[in-house]
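A short write-up of the structure that comes next.
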Amino acid sequence: MKNIYLSAIAVLCFMACNGPDNKQSVIGTTRAAEFHNVVSSKLSEKEYNYYHTNTNHFFDSLLITKGFNGSILVAKNGSVLYEKYCGFTDPVAQKDTFTASSAFHLASVSKTFTAMGILKLMEEGKIQLNDTLGKYFPAFPHEGITLKMLLNHRSGLPNYTHYLEAFKWDKKKLVTNSDILQSFYQLHPALDFRPGTRFAYCNTNYALLALIIEKVTGTSYNEFMKSSFFVPLGMNDTYVYTPADEARAMPSYQWNNKKFPVEFLDLVYGDKNIYSTVRDMLKWDQALYAGKLFSQQTLDSAFAPYSFEKEGKRNYGLGWRMTLLDNGKKLLYHNGWWHGNNAVFIRLIDENATIIVLGNKFNRRIYSSKNICDLFGEYLQHREPVES
């Protein structure tokens, strides 16, 4: 498999690259800054060079020469193999080049933090996954929906990004998480299906989970994430967006450089609205191994599939997407897409390899980053369909 992979990469590299790899290079109108890391004791120099060279060729062909505006980091055993920053915070004016501290909107990759926050409270004995919404919101109109169903998207709740518009929400008013909860009391949106009977990806689930975190802890979602994850892990450039962050929050753009304005759904958190860097996300990845933040039993439950009513390799855990391959391999990941923000966070736990791609100008090719998984193991991603 690796020989086939390398042959394909060589052809792509020949077609896309015009010269040798430089630490600082200008490709078209995109400034690309690459950071070369000292070889870690966890990897031999030969291993490092092998992975670095092929990762560099892969991303030069896939993204660097294709209008990519963002940051990329690939690591194995916690050692950075490849790290590159391409473009500008403002791609229209072409100013403010990205740095290692440039925090991007993670979009739905934020769900990994919300899910693990709930599991942390479970480990502390403060909640149980079989608790129903009624325990925390006694007047909630739909019965039988558990926290676990919210986590694995089997609740049957309708997606607030759809039903609020259907109910003619005043778009001059920014929606909050509390507004979403109140909408169930006031608008009475119907369930999409009977809870627990099937999978349907739904942002409402994670907006409500964020409220449960706040109700159980007596603090804000923002403060809980900081005290539980961001500060202990040294994720110094990671934060949950609030209106106070408007000046520092990186804007996003359509593929044609048209800037996305603030819209009425932009304040909701839990399902989105965490900003982070590729380096901080590597810290998050490395913390998600047994004995660091969570027990192996908790991690196993988070990374287990829960939806089997339809045949297929794709599934969902507790805050994690996954592809289950016939050879027994499991590819863990989560993608994100909000306005012009694209994010890919891939964890190959068998190989302790990580692929992180963050962008603030819409580029669908970002989601094809999964194809590089074949460099590390038999993941057969060159034939896997792309999904957002």
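Treat the numbers as computed from the prediction; the structure is a model and nothing was measured.
No side-chain donor-acceptor contact under 3.5 Å links E214 and Y136. Side-chain atoms of T217 and T219 include no donor-acceptor pair closer than 3.5 Å. Checking T242 against Y269 by side-chain atom types alone, no donor-acceptor pair falls below 3.5 Å. In the model, D280 has a side-chain atom that pairs as donor or acceptor with a side-chain atom of T238 under 3.5 Å. With no hydrogens or angles considered, no side-chain donor-acceptor pair links Y379 and N327 at under 3.5 Å. Judged purely by distance below 3.5 Å, without hydrogens or angles, the side chains of Q296 and D300 pair a donor atom with an acceptor atom. In summary, the side chains of T146 and N130 do not present any donor paired with an acceptor at a separation below 3.5 Å, with no hydrogens or angles considered. One side chain, D179 or T176, offers a donor N or O that lies under 3.5 Å from an acceptor on the other. In this model, no donor atom of one side chain and acceptor atom of the other lie less than 3.5 Å apart for Y221 and E223. A donor atom on one side chain and an acceptor atom on the other are not found under 3.5 Å apart for N77 and S79. For H339 and N360, the side-chain atoms include no donor-acceptor pair closer than 3.5 Å. No side-chain donor from either of S301 and T298 sits under 3.5 Å from a side-chain acceptor of the other.
We find that K76 and E47 are not joined by a salt bridge, their nearest charged nitrogen and carboxylate oxygen being 4.0 Å or further apart. Ionic pairing of R198 and D192 is not present here: no N-O contact between side-chain nitrogen and carboxylate oxygen is shorter than 4.0 angstrom.
The main-chain N or O of K66 is found under 3.5 Å from a side-chain atom of N363 such that the two form a donor-acceptor pair. Proximity of a side-chain donor or acceptor of N315 to a complementary backbone N or O of S307 within less than 3.5 Å is detected. With H52 contributing its side chain and L81 its backbone, the two residues share a donor-acceptor pair below 3.5 Å.
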Steps toward salt bridge (Lys or Arg N to Asp or Glu O under 4.0 Å) verdict (D237, R248): CA-CA 11 Å; D237 295 308; R248 68 165 169 168; over 6 Å; no
Which is it for Y289 and N352 under the side-chain hydrogen bond (donor to acceptor under 3.5 Å, both in side chains) test, yes or no, and what are the steps along the way? CA-CA 9 Å; Y289 285 94; N352 195 351; 3.2 Å; yes
Does K111 form a side-chain hydrogen bond (donor to acceptor under 3.5 Å, both in side chains) with Y201? I'd like the steps, not just the answer. CA-CA 12 Å; K111 290 181 175 71; Y201 188 84; 2.9 Å; yes
Verdict with supporting geometry, Y160 and N203, side-chain hydrogen bond (donor to acceptor under 3.5 Å, both in side chains): CA-CA 7 Å; Y160 74 86; N203 291 301; 5.4 Å; no
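Atoms OG and CG, on S108 and N273 in that order, are 10.5 Å from each other to the nearest 0.5 Å. Here CZ of F376 is found 8.5 Å from CD of E351. Values are rounded to the nearest 0.5 Å.
Each of F193, Y206, Y306 was checked for a ring-ring contact (aromatic ring centres under 6.0 Å, His included) with H153, and the lone residue meeting it is Y206.
Between W284 and F113, the two ring planes are parallel [angle under 30°; tilted spans 30° to 60°]. Note: Y316 and H334 have perpendicular aromatic rings, judged against thresholds of 30 and 60 degrees for the angle between ring planes. Below 30°, between 30° and 60°, or above 60°: for W320 and F345 the angle between ring planes is between 30° and 60°, a tilted geometry.
Residues L265 and Y253 fall into different hydrophobic clusters, defined by Ile, Leu, Val, Met, Phe, Trp and Tyr side chains chained together at heavy-atom separations under 4.5 Å.
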